[in-house]
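The structure appears right after this line, and notes come after that.
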Amino acid sequence: MLGPRRLRSSTRSLQRPLRRNLARMNGQVVTIDSAGGQIPAYISPPEGPGSHPGVVVAMHIFGIDRFVRGKCDELAEAGFVAIAPYLFH
C-alpha cells in the first residue's frame with residue numbers, strides 16, 4: 001500500500017509543467033467493438049516506437065471533453081498509452 005509520502009512522489013511527474021505543445025500529440029477518436037455495440041474512445045499514444053505501458057482514463061460526468069483528452073495527452077507525454085472509453089454507450 002502506498003503511504004502519503006510515496007504517493008506524492010509517484011504523482012510528482014504528472015504535476016510538472018508540460019515541456020511541449022499538447023496540440024501536437026497523436027490523440028484520436030477510435031471505436032472499440034463489444035458485445036453491446038461499438039464504444040467510442042479517445043486514445044493518445046506516446047511518440048516513438050516500441051511498447052509502452054497503458055492507462056485507462058475514467059471519464060467524468062461531462063463525457064470525453066477537452067479536460068479528459070488533455071489528461072490522456074499528458075499521460076502520453078509521460079510515456080503511457082492512454083485511452084478514455086465513453087462509458088455511457
Side-chain angles (χ1 to χ4, degrees):
M1 183 166 174
L2 294 176
R5 175 178 279 169
R6 185 173 175 125
L7 182 60
R8 261 187 259 120
S9 66
S10 67
T11 59
R12 190 171 295 142
S13 64
L14 296 177
Q15 296 171 353
R16 291 186 195 136
L18 300 175
R19 290 179 296 247
R20 66 182 133 193
N21 183 0
L22 290 179
R24 295 175 48 210
M25 296 305 293
N26 297 336
Q28 61 183 333
V29 176
V30 297
T31 56
I32 302 168
D33 292 329
S34 73
Q38 293 188 327
I39 303 170
Y42 181 79
I43 187 167
S44 189
E47 293 179 355
S51 61
H52 302 280
V55 175
V56 176
V57 177
M59 63 174 226
H60 55 157
I61 189 88
F62 304 111
I64 303 172
D65 60 2
R66 184 172 24 164
F67 175 79
V68 174
R69 292 189 309 267
K71 292 301 171 190
C72 288
D73 292 341
E74 287 178 23
L75 287 163
E77 183 182 5
F80 296 92
V81 176
I83 186 165
Y86 185 74
L87 300 176
F88 302 125
H89 70 281

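What you see is a predicted model, and the numbers here were worked out from it, not measured in a lab.
Scanning both residues, A84 and V68, for their nearest heavy atoms gives CB-CG1, 3.6 Å. Between A82 and V57, the shortest heavy-atom contact is CB-CG2, 4.3 Å. Residues I32 and A41 approach most closely at CD1-CB, 3.9 Å, considering heavy atoms. The minimum heavy-atom distance between P53 and G79, with the atom names listed, is CD-O, 3.7 Å.
The cluster map of Ile, Leu, Val, Met, Phe, Trp and Tyr, joined by side-chain heavy atoms under 4.5 Å apart, puts V56 and Y86 in different clusters. By the rule that hydrophobic residues join a cluster once side-chain heavy atoms approach within less than 4.5 Å of another member, F80 and V30 end up as members of separate clusters. Cluster annotation: L87 and I64 are assigned to the same hydrophobic cluster (Ile/Leu/Val/Met/Phe/Trp/Tyr, side-chain heavy-atom contacts under 4.5 Å, transitive).
Under the side chain to side chain contact (heavy atoms under 4.5 Å, CB included) criterion, V29 pairs with Y42, sequence neighbours left out. Looking at residues two or more places apart in sequence or on another chain, you find a side chain to side chain contact (heavy atoms under 4.5 Å, CB included) between V81 and I43, P46, H52.
Rounding to the nearest 0.5 Å places CD1 of I61 at 5.0 Å from CZ of F88. The structure places CG of L75 at 12.5 Å from CD1 of I83, a figure rounded to the nearest 0.5 Å.
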